Participant: 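First the structure, which I've put down as structure tokens, then a few questions once you've had a look.
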Amino acid sequence: MTGKALKAPNTIGVTVKGTPDKGQNVRVKAEDTVHKVFGTKHPETADGLLRHCLKALGVAETSDDLPANDERTFMVAAVAEVDPHDGVESMLAVQMAATHVAMMRSGRWLAGADTIEQVKAHYSGFTKLTRAYTAQMEALRKHRNGGNQTVTVQHVNVEGGGQAIVGNVQTGEGCT
């Protein structure tokens with residue numbers, strides 16, 4: 001990368017400009033854009049979550065002066081990709097976006113480690129972040145399907161003399 005950020009059309013309708021010293025300027029396509037991106041009932045919640053997205057980033061990741069490091073639009077777009085449907089999903093989506101950015105930052109530090117101690121420290125942090133991200137994805141899945149886990153069997157082979165049962169099978173007390 002040459003130091004210039006790749007320019008792509010902004011389809012989420014949120015643009016953030018500024019620097020940590022001078023402040024951030026958030027521009028939205030429509031009044032309810034942030035509310036729609038975060039999928040919340042209340043615009044105040046969406047505004048707070050947008051601020052959380054920016055607070056989770058380092059100084060170099062929130063500045064027009066360093067466009068190749070700018071993660072502000074990514075954070076908002078990552079939340080939009082999760083497509084949150086309620087406040088819990090919105091907060092989890094922000095956590096997931098922040099964890100992902102931290103994981104990539106940790107991976108960069110790991111790649112640049114010069115000593116065994118640095119490698120161990122950055123590897124440990126990277127591993128913890130990847131586990132946290134996986135746990136967040138699982139929490140989102142459980143929240144979305146009410147905690148139910150579905151198993152689909154694609155292929156069943158019944159040998160001669162065997163019997164296959166199709167349907168719900170219950171065991172335990174009260175079953176015969």
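Each residue takes its place number in the sequence, starting with 1. These numbers come from a predicted model, not from an experiment.
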Participant: Can you tell me how far the NZ atom of Lys17 sits from the CG atom of Asn25, to the nearest 0.5 Å?
Facilitator: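 Between atom NZ of Lys17 and atom CG of Asn25 there are 10.0 Å.
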Participant: I'd like to know if the side chain of Thr33 and the backbone of Ala30 have a donor-acceptor N/O pair within less than 3.5 Å.
Facilitator: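 Indeed, once roles are kept as given, a pair shorter than 3.5 Å links the two residues.
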Participant: For residues 31-66, pull every pair meeting ring-ring contact (aromatic ring centres under 6.0 Å, His included), keeping only residues two or more places apart or in separate chains.
Facilitator: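 Not a single pair qualifies under ring-ring contact (aromatic ring centres under 6.0 Å, His included).
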Participant: In terms of side-chain geometry, is the basic nitrogen of Glu117 or Lys120 positioned less than 4.0 Å from the acidic oxygen of its partner?
Facilitator: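 Salt bridge absent between Glu117 and Lys120.
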Participant: If you group Ile, Leu, Val, Met, Phe, Trp and Tyr whenever their side-chain heavy atoms sit less than 4.5 Å apart, what else falls in with Ile116?
Facilitator: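 Besides Ile116, the cluster holds no residue at all.
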Participant: For residues 57-97, which residue pairs qualify under ring-ring contact (aromatic ring centres under 6.0 Å, His included), counting only residues two or more places apart or in two chains?
Facilitator: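 Listed by first then second residue: Phe74-His100.
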Participant: Is there side-chain contact between Met137 and Leu140, with at least one heavy-atom pair below 4.5 Å?
Facilitator: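 Contact flag for Met137/Leu140 side chains = no.
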Participant: Would Cys53 and Val79 satisfy side chain to side chain contact (heavy atoms under 4.5 Å, CB included), going step by step from the backbone distance to the final call?
Facilitator: CA-CA 9 Å; Cys53 283; Val79 171; 4.2 Å; yes
Participant: Indicate if Leu54 and Val82 have the same hydrophobic cluster label, given that clusters are the connected sets of ILVMFWY residues with side-chain heavy-atom separations under 4.5 angstrom.
Facilitator: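 No, separate clusters.
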Participant: Rounded to the nearest 0.5 Å, how far does OG1 of Thr45 lie from CG of Asp86?
Facilitator: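 Nearest 0.5 Å value for the CG-OG1 distance: 11.5 Å.
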Participant: Could you state whether Val34 and Val76 fall into the same hydrophobic cluster, counting links through intermediate Ile, Leu, Val, Met, Phe, Trp or Tyr residues with side-chain heavy atoms under 4.5 angstrom apart?
Facilitator: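 Same cluster.
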Participant: Residues two or more places apart in sequence or in another chain: which of them pass side-chain contact (heavy atoms from CB on, under 4.5 Å) with Met91?
Facilitator: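 For Met91 the side-chain contact (heavy atoms from CB on, under 4.5 Å) partners, ignoring immediate neighbours, are Leu49.
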Participant: Among all residues two or more places apart in sequence or in another chain, which pass the side-chain contact (heavy atoms from CB on, under 4.5 Å) test with Ala113?
Facilitator: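 Applying side-chain contact (heavy atoms from CB on, under 4.5 Å) to Ala113 gives Gln118, Val119, His122.
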Participant: To the nearest 0.5 angstrom, please state how far the CE atom of Met103 sits from the CE atom of Met96.
Facilitator: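 Spacing of CE (Met103) from CE (Met96) equals 9.5 Å.
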Participant: Transitive ILVMFWY cluster of Val59 at side-chain heavy atoms under 4.5 Å: who else is in it?
Facilitator: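 Its cluster partners, ordered by chain and number, are none at all.
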Participant: Can you name the residues that form a salt bridge (charged side-chain N to carboxylate O under 4.0 Å, His left out) with Arg27, not counting sequence neighbours?
Facilitator: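 For Arg27 there are no salt bridge (charged side-chain N to carboxylate O under 4.0 Å, His left out) partners, ignoring immediate neighbours.
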Participant: In Å, rounded to the nearest 0.5 Å, how long is the span from CG of Leu50 to OG of Ser90?
Facilitator: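 One gets 12.0 Å once the value is rounded to the nearest 0.5 Å.
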Participant: Should Tyr123 and Tyr133 be regarded as members of a common hydrophobic cluster, given that ILVMFWY residues are connected when their side-chain heavy atoms come within less than 4.5 Å of each other, either directly or indirectly?
Facilitator: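 No; tracing contacts between hydrophobic side chains, which count when under 4.5 Å, never links both residues.
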Participant: Mind listing the closest non-hydrogen atom pair of Val14 and Thr73 along with its distance?
Facilitator: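 Closest pair (atom of Val14, atom of Thr73, distance): O-CG2, 4.5 Å.
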Participant: So for atom CZ, which belongs to Arg144, do other residues, nucleotides or ligands contribute more than 12 heavy atoms lying within a distance under 6.0 Å?
Facilitator: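 Correct, the count exceeds 12.
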Participant: Can you list, by chain and residue number, the hydrophobic cluster partners of Trp109 when the side-chain cut-off is 4.5 Å?
Facilitator: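 Answer for Trp109: none, a lone residue.
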Participant: Name all residues meeting the side-chain hydrogen bond (donor to acceptor under 3.5 Å, both in side chains) criterion together with Thr99; count only those two or more places apart in sequence or in a different chain, and write none if there are none.
Facilitator: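 Checked Thr99 against side-chain hydrogen bond (donor to acceptor under 3.5 Å, both in side chains); matches are Gln136.
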Participant: Whether the side chain of Ser63 engages the backbone of Ala60 through a donor-acceptor N/O pair (distance < 3.5 Å, no angle test) should be reported.
Facilitator: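 Not a single qualifying donor-acceptor pair exists.
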Participant: Mind checking what makes side-chain contact (heavy atoms from CB on, under 4.5 Å) contact with Leu57, not counting sequence neighbours?
Facilitator: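 Here the qualifying residues are Glu61, Thr62, Glu71, Arg72, Met75, Val101.
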Participant: Suppose we screen for side-chain hydrogen bond (donor to acceptor under 3.5 Å, both in side chains). Which residues come up paired with Lys36, at least two apart in sequence or across chains?
Facilitator: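 By the side-chain hydrogen bond (donor to acceptor under 3.5 Å, both in side chains) rule, Lys36 matches Asp32.
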Participant: Taking side-chain contact (heavy atoms from CB on, under 4.5 Å) as the test, write out the residues that go with Ser106, two or more places apart.
Facilitator: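 With neighbours one apart ignored, the set is Phe126, Leu129.
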